[in-house]
Structure formats: structure tokens, C-alpha cells
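Scroll down for the structure; my scribbles are underneath it.
Heavy atoms only: backbone and side chains are in, while hydrogens, waters and symmetry mates are out. Note that the structure is predicted; figures quoted are calculated from it, not measured. Chain naming here is simple, since letters A, B, ... match the order of the sequence lines and numbering starts at 1 in each.
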There are 4 protein chains.
Amino acid sequence: MSGPGPAAPEAGDGRRGRPRSAAADTAIVEAVLRLIEEGASIGDLSMEGIARAAGVGKATVYRRWSGKNALLLDVIRSLDDDLPPARGVSVRDDLVAMLEHLRHRGLVKRHSAVFRTVLTHVQAQPDVWREYHDTVIRARREAMHAVLRRGIDRGEIRDDREIDVLADLFVGPMLARALLDERKALPEGLAEQIVDTVLEGVRPRP
Amino acid sequence: MSGPGPAAPEAGDGRRGRPRSAAADTAIVEAVLRLIEEGASIGDLSMEGIARAAGVGKATVYRRWSGKNALLLDVIRSLDDDLPPARGVSVRDDLVAMLEHLRHRGLVKRHSAVFRTVLTHVQAQPDVWREYHDTVIRARREAMHAVLRRGIDRGEIRDDREIDVLADLFVGPMLARALLDERKALPEGLAEQIVDTVLEGVRPRP
Amino acid sequence: MSGPGPAAPEAGDGRRGRPRSAAADTAIVEAVLRLIEEGASIGDLSMEGIARAAGVGKATVYRRWSGKNALLLDVIRSLDDDLPPARGVSVRDDLVAMLEHLRHRGLVKRHSAVFRTVLTHVQAQPDVWREYHDTVIRARREAMHAVLRRGIDRGEIRDDREIDVLADLFVGPMLARALLDERKALPEGLAEQIVDTVLEGVRPRP
Amino acid sequence: MSGPGPAAPEAGDGRRGRPRSAAADTAIVEAVLRLIEEGASIGDLSMEGIARAAGVGKATVYRRWSGKNALLLDVIRSLDDDLPPARGVSVRDDLVAMLEHLRHRGLVKRHSAVFRTVLTHVQAQPDVWREYHDTVIRARREAMHAVLRRGIDRGEIRDDREIDVLADLFVGPMLARALLDERKALPEGLAEQIVDTVLEGVRPRP
DNA sequence: TTATAACCGAGACGGTACGTCATGTCTTCTC
DNA sequence: GAGAAGACATGACGTACCGTCTCGGTTATAA
């Protein structure tokens, strides 16, 4: 995968003309992040304003991204590349690591603000949402599936449930907290709590 | 609480002049629903277009709602009044009923489209989102808490977990499916599957 | 003829809605005149700038005129309505009056600057130029023809030349001075000089 | 004066480096002429488009001319060098030859289109217009003055009028036709008709 | 022969203006 | 006084062109 970033300039031939300024790339993405962190709600994010904040001409933005959606999609993808959680010793540890990663994303201001803003914006555009879904979400889901399958193979996870449902049992609660609650609703130890409770069930243990 | 609907006209005194047309109220809300069902993405929803589709002047809309957010918030609330799930015989049945209600909302076109659209729109506006959170979400969450507390009292639910976490264990998975997956990801029997698996845990049963 | 002014609002029926602000009409046209008098060359005249100078939204301008050409065409027409020269006692007096009128237009700063600027702009757009030609120029030409025909009937003007050519013999010299020379090239007495010389011919009189 | 053509490259010293491509010079000027003949109105003439049509980089144009005005001014000057009318046997013949030259310029598509386009464009820029005036127009005017002075010396032209006025009496009518009328308004024999009528006057001859 | 320097086409750069559209407010007429 | 209509100032939309700049390359003269 090529990683996040602006669309390549048609990479046709011998690359003629003045090359695109990497500084402009950075300035634009940073401007978006800065604006969001400064509390810009989604409606406040205009291409006009982004270009202004980046000290860049509008055309320079449109040369790289086809519109606001494509830009925001890249911004959120840029935050996604950080740390794919490594493989731990037990399935329980892997699950905790994955949820802990999600939790941290929800806590770091830059991540949580950007995620909420961009998620809500992008979700409203079916095609852009599909693009996001097919890259970011799918990759994340497959990582989760791999962990679960390993657990099933090892006998640590029951094998009579669809793997999709199992995955959502772990991811869903963290998502609900992050989306529907305040940021303070993501306390230390939440990942472990979710993982352990889902593993053991909520019926009282004898 | 006054329930969903347009803001009262300042109900100051003897209510003089031509009374507000109830037909206009209906026409406006119906126009929003129709537009969304016809596939309007969120960006297509403009006050201009809503008034036009309702055959109503813009001022008539603004007289009732302070802006697009307030209008949409009322629209989503109007869909929420339908069927508060009744109390079943066991806690498990109550939980299934609540999730089944959520699942249906995700399946019915009007509900799912409106919910996604409006949620998306409203969430981006902090104050409006808070309003939505403090009425709709809180009420729903408290219903869930009541069910869970009953289960704890009866000994059907373990009592060593925070009730908020427990609630999200049930609601989260359904929300994740509804938000992140296709509509087809909400098959018959999903509510039971989630409830039973969370109750029993995902560890293999002996 | 309806006279200069912004396009009527489709004058369909009972004229509903808020009527257009006459103040805006005035402000826009005055802003154009002011900008030109302040030395704006043609390239400096932008709809953006005109609206700004008039303290008016762009849409308010576009609601009245379809574009810059239509607006400038109206501006120039507004300057044209001044004083259709009255009928004098002799043909020679009529001709002098007409040329004197042209000469004054070239001298008054507002007129000359606007005329040059707008004429220049309008002439470059074939369709707009045609419109200008078919209204302003044609009317002026026909007035001149009427004068000349009266002269021919009276025996004061030779009848062996096309009337178009005769007209241009009088108008052309003044136009050449106004267009090709400095403003100082339109001295007092020029109209008389042209008319008399053309009438008598440039051959030495015996 | 060195005649029309792009600005010399600062002619400093021993002229090092790759010399400018004469082909580019030609291509640019030809591109302008072609675009105008193809019906480009003045607004359609952009440096961007000119460079594109000439198959040349924008910098190559700007290296030769300081801007659009300077380029167009050179284009029109390039059309002006053609055929200075020769000296005939009588003053009347000289005048006819000069006006016939003007008439032809108005008839040939390339000339008339370019002239109108460039004149209108250049006239709006005071300094560029002055440049045009001081070279092209002045030269032409002085040729006319020379003819007229010869006529005065010979006794063929009256000597009680300013020579400027006399010149405009001949040039003005042709200019008026060319600028204000259709191209068809420049019929064969028009030059003779103007010259003879101005010479003899428009009063009926006894 | 090898620098050196100005040229070349291409195209990115920060700007400005285009003409359209939506915002929320206001103004007028009709019911 | 409510309602429909629509004008109002504001400001973002995405495109085009401005004049400058920067790239990889070419083509001359000067060392």
C-alpha cells in the first residue's frame, strides 16, 4: 500500500514541469489538523479557509485532492498509520492491545477531534465513505479477524459464532464509548475490562 | 417535557393574529423525511431546498426552528417516539427486545437513512449534539441501565462491573454493525446472538 | 424604448416578494462611475470590486445584470440619455449642435472616461457590441440622417452622395479626434470648424 | 527605430548562452493572429492560451514581452509595416491612396480583426496606448500632414484651416465606417467618394 | 573539450476574479 | 399577524488565468 498522501500527478512519463512542493503538502494537512484541534466544527472547514490557513493558493489544494472529502479522507488516513499493534503472547493480550490502541486514539486530542470530525463528514458521502471503508476499516477488521482466528485455533475462543459478530463484540463497546460519550469515558483499564468481560461473559461466575 | 415538535411561539399572552398552520409544520418535517428517503445526502439538505420541497417560505421554517440543526434534531426525535420496548419476562428477553428495536431502526429505510444522515449532521455541531445526547441518548441509556440493574438484583448479571460498561457491551456491537457495515449486516437473529454471546462470554464453554 | 436600467424581474404577474432595492441599483451604477473616474482601467473593473465598492453583494449585481458586459452597457447607455440636440433654424446649425454634443461628451471627465472605458470593453464582445450598435449608435445615426435629409430637401446639401457617407463626413472627424487624440484636441469651436469645412470643401474658394 | 519585434535580451555584452529561438518568436505572434482570426474575442485572449496555442512555455512569452499589452502592441505594429502608400501625381491621388490603404486594412480579415481587437485592448492601458500613439499613429499622421502640406503649397488645399483638422476630415470618415459599421460598409470606391466630397464640400455645386 | 550561461517546454506556485449557490435576515403583499 | 415570495449581505464553491518560479534538458559561445 502506498500510504496516505495527495494524489500522484498522473505519473505518466518522465515527470515534466516543476515538481510539486512537499512543503505545500505538509502545510495543507497540518493546517487541517490545526484547524480541527483549534475547535473548528465540520461546518467551519472550508477549502477556502484551509488554503488560507496553510498559506497556499486554492489551486494548490485542488491540484492534489479532488475536493474536501478526498482531502479529509487523506488526513484521517494519515493518522491511521501509527502503530499497528504487535502480536502478543496470548489472544487476550492481543485483544487488549488492539482496544488499547483504539482507546488512545480516542484520548489524544488530535486523533479524537480529527476522527470524529472526519468520520462524520465523510460518512455522509456514500462513495467517499465506501473508499474509507474499503481501506481503513477493512484493514483494521482483518487484523482483528486474524487475532480471533488464532484464538479459535488455540481453543481460547468459541467456534460457534460468526467471526464478524465476535469482532464487533470487542470493538463495538469501545466505539460506543468513543462516539456517544465524553472523552472522560475512556478511562485507564477500560480495554482490559471490556476484553475480560466479553471473554468471560456477564453472567455471574460461580 | 414538551416532546418533539417545533418551538412554541413564545406563548406570551393572548395569542393574537393568524395562528400557525399545523399543515406547515407537517409539510416541513415530511419534506425533510422525503428528501432523505429520496437519497439526499447530508450536503444536499439545505434550508432553501427544504422550504421549496415543503412549498413553504423560508421564514416559515425559521419561525419554527432556529436553524437547520434544530430542525433536524426535531426530525430525528420524531422518529424516536415509536415503540419503547416493553418489559419482558427475563432480563435476557428485555435485552433482546432493546437490541431488536435498534436493529429494526437500522433496517427500516426511513429510520436508517434519517438516523445516519441526521446523526452525522448533528454530531458535528457540539451544542446540538449535546442537546441530542442529553435527551435521546440519555433516555435510552437509562432504560438500558434499568434493565441491567434489574438483572443484577435478580442475580442474572454479574455485579462486579460498572453498569456503563455493561450497557455498552450490548449496545456497542449493534451500533458498530449499523454504523460501520452495510445494512445487510443486520440479519434476523442478530440481537439474540449478541445478547447470548455477551451473557455467556466468548470463551469456549466446557 | 424602455430606457436604461437593470433588467426587470421577469415582470410576470402580481410581483410578489420583496421588491428590488432602488438604492442598490443606484449604488452599483454609481460605484462603476466612481471607479472609472478614479482612474480604473478596464482590467481593474471586476464584478467583485464593483460589488465591494457599492457595498452590495455580488448576487445583487447578478440579479440585475447577466454579467459585466450587460452592466457596462447599461452604464454607457445611462450617459447617453442626456440631451438629444434640438432642431435649429438651419441645417448647418443642427449639424453644429450635434457635433457640439459629441464634443462635450468627450470633454466631460465622467463621460469621456466612461465612454472610452466602456466602449472599449463592450466593443470587444461581438454580441454586446451589436446590442450597443443596434440601440445607441443606430438612434444617433438616424437622427443625423434626418437632419441631412432635411438639408437635401431644402437644397442645402448635395443629393448625389449616399447619406451614410455624408453622415460619416461630419461624425468621423470628431470621432477621430476623440478616440485618437488627447482630450485637449477637442477645443472650443471645433464643431463649427468641422461642419463649415465639410460643407464648403477643402479646396481653396475662389 | 528598430521596427516591431520582441524586446532585445538586455544586449549587455558578449551575448553568452543559448540564443533565443526565432521559431518561438514567430510561433507566438502567429498564434495570436490565428486565435484572433478564429474569432477569439478580446476576453478569450489569455497569455496562458497564447502560449498553449503556440506550443511554447509561458516563460518564453514573458521573456520577450512584459505582458499581454506589449505583445499585442507588437502584433499590431507587425501588421502596420506593409505598404506605405507611394506618392502620386496629384494631392487628390495621394489622399485616395492613403484612404484606400486604410480601407483595405479594414477589409482584410486578419487586419481588421486584429486591429479592432488590439486597438480596444491597448487603448484601455494609458501607457501602452501612448506608446502606440507615439509610434504608429504619429507616423501615419505625419505622412498625411506631408501630403496635405504639399497640397497647400500647390494651392490645391485651402490654407485657412489647421492641418490637424484637415487630416481628420479625410481619415475620420473612414475610421468611423471601419469602427462603427459592418465590414460590408467599406465598398469599392469609398476612398474616392470621401476624398472628392471632402475636397469639393457637401453643398450643392452650382 | 569542457564549462558556463541563457535558452527551451512544462507545469507548480500564491493570488484574484469568475458566476453560482446557500446562509439567515429583511421587507412587501396577500390572506 | 401569519404566510409565501423573494431580495438582501455574506461568504464558500471549483475553475481559469495572472505573472513568477523551478524543474530536466538543449544549444550556443568562451575558456
Handout entry: Step-by-step salt bridge (Lys or Arg N to Asp or Glu O under 4.0 Å) determination, D:Asp25 to D:Arg64
Key = CA-CA 8 Å; D:Asp25 284 39; D:Arg64 289 162 164 77; 2.5 Å; yes
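Side-chain proximity of D:Thr60 to the nucleotides E:dG9, E:dG19, F:dG3 is greatest for E:dG9. Residue C:Ser46 has its side chain nearest to E:dC18 when only E:dC13, E:dT25, E:dC18 are considered. The side chain of A:Val56 lies closest to E:dG14, out of E:dG14, F:dC13, E:dT23. Residue D:Pro19 has its side chain nearest to F:dA28 when only F:dG3, F:dA28, E:dC8 are considered.
Distances shorter than 4.0 Å separate none of the side-chain N or O atoms of A:Ser21 from OP1 or OP2 on E:dA12. Look at D:Lys68 and you'll find a side-chain N or O under 4.0 angstrom from OP1 or OP2 of F:dC18. In this structure, D:Arg20 does not reach the F:dA28 phosphate: none of its side-chain N or O atoms is under 4.0 Å from OP1 or OP2. Within the 4.0 Å cut-off from OP1 or OP2 of F:dG3, at least one side-chain nitrogen or oxygen of B:Arg64 is found. OP1 or OP2 of E:dC8 has at least one side-chain nitrogen or oxygen of D:Arg63 nearer than 4.0 Å.
Within the 4.0 angstrom heavy-atom criterion, no nucleotide atom of any strand lies near C:Ala51.
With DNA chain F read from its 5' end, the first of the two nearest nucleotides for B:Gly57 and A:Ala59 is the one closest to B:Gly57. Taking for each of B:Gly67 and D:Ala22 the nucleotide of DNA chain E with the nearest heavy atom, the 5'-most of the two is the partner of D:Ala22. DNA chain F is contacted by both C:Ala54 and B:Ala54; B:Ala54 maps to the nucleotide lying nearer its 5′ end (nearest heavy atom per residue). DNA chain E is contacted by both C:Gly49 and A:Ala24; A:Ala24 maps to the nucleotide lying nearer its 5′ end (nearest heavy atom per residue).
For the pair C:Met47 CE and F:dT15 P, the computed distance is 22 Å after rounding to whole Å. The interatomic distance linking D:Trp65 (CH2) with F:dG19 (C1') rounds to 16 Å, in whole Å. Distance CG (B:Leu72) to P (E:dT23): 11 Å, rounded to an integer number of Å. The nearest whole Å value for the distance from the CD atom in A:Glu48 to the C1' atom in E:dT16 is 11 Å. Residue A:Ile50 contributes atom CD1, which lies 10 Å from atom P of F:dG14 at whole-angstrom precision. Rounded to a whole Å, the CG atom of A:Asp44 is 13 Å from the P atom of F:dG11. With rounding to whole Å, B:Tyr62 atom OH is found 16 Å from F:dA5 atom P. Protein atom CG of C:Asn69 is 9 Å distant from nucleotide atom P of E:dG19, rounded to whole Å.
Note that CZ of B:Arg52 is 13.0 Å distant from CE of B:Met47, once rounded to the nearest 0.5 Å. The NZ atom of C:Lys58 sits 11.5 Å away from the CD1 atom of C:Ile50 when rounded to the nearest 0.5 Å.
Side-chain atoms of C:Lys58 come within donor-acceptor range of the base of E:dG19, with a qualifying N/O pair under 3.5 Å. Between the side chain of C:Arg18 and the base of E:dC26, at least one donor-acceptor pair of N or O atoms lies under 3.5 Å.
Considering D:Ile28, D:Val32, D:Leu33 as possible partners of D:Glu30, the one that fulfils the side-chain contact (heavy atoms from CB on, under 4.5 Å) test is D:Leu33.
Here the closest non-hydrogen pair linking A:Trp65 and A:Asp74 is NE1-OD2, 2.7 Å. The two residues D:Leu35 and D:Ala53 come nearest to each other via the heavy atoms CD1-CB, 4.1 Å.
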